[in-house]
Amino acid sequence: KAIHRKNMRQIAYALQWQVYREAKFKCEYCGNESPLTIDHKTPVELGGTDERSNLAAACRPCNRRKGNMSFEEWEKVMNDRNKRGMAKLG
């Protein structure tokens, strides 16, 4: 049975585990310990590479929400969300 992948590129298994270990098996965006995926901080579509410096451990919800935003765009979105959340609390 063939395995269909959205993208035929695949990050080496050893590199994936290095990313997970360095992140202490937590999402680098929200700290969640749920099943992790590998995220490209700068998406491949925007010129990002599969080099370690461009990879982050991300939970599926964060990876899905980030989509093809750059890390800088994603960081701004998260900061804006956090500010709005804190305003509701205050």
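For the 3.5 Å distance criterion, the side chains of Asn63 and Thr37 qualify, holding a donor opposite an acceptor. Side-chain polar atoms of His40 and Asp50 form a donor-acceptor pair below 3.5 angstrom.
Pairs passing the salt bridge (Lys or Arg N to Asp or Glu O under 4.0 Å) check and including a residue from residues 54-71, sequence neighbours excluded, read Asp39-Lys66. The stretch residues 12-24 participates, sequence neighbours left out, in these salt bridge (Lys or Arg N to Asp or Glu O under 4.0 Å) pairs: Glu22-Arg52.
In the hydrophobic clustering of ILVMFWY residues, with side-chain heavy atoms under 4.5 Å counting as a link, Leu46 and Val44 come out apart.
Residues passing the side chain to side chain donor-acceptor pair (under 3.5 Å) test with Thr42: none are found, sequence neighbours excluded.
Heavy atoms only, all atoms of each residue included: Glu28 and Ala56 are closest at OE2-CA, 3.3 Å. For the pair Pro43 and Ser70, the tightest heavy-atom approach, listed with the atom from each and the gap, is CD-CA, 3.9 Å.
One finds the CZ atom of Phe71 at 14.5 Å from the NZ atom of Lys76 (value rounded to the nearest 0.5 Å). Taking CD of Gln10 as the start and CD1 of Ile38 as the end, the distance is 11.5 Å to the nearest 0.5 Å.
Side-chain atoms of Cys30 and Cys59, non-hydrogen and from C-beta on, do get closer than 4.5 Å to each other. Within the 4.5 Å cutoff, the side chain of Leu55 has no heavy atoms near those of the Gln16 side chain.
Ring orientation note: the planes of Tyr20 and Phe25 are tilted relative to one another, at an angle of 30° to 60°.
Atom NZ of Lys26 has 12 or fewer heavy atoms from other residues, nucleotides or ligands within 6.0 Å.
Checking side-chain atoms of Asn54 against main-chain N and O of Gly48 turns up no donor-acceptor pair under 3.5 Å.
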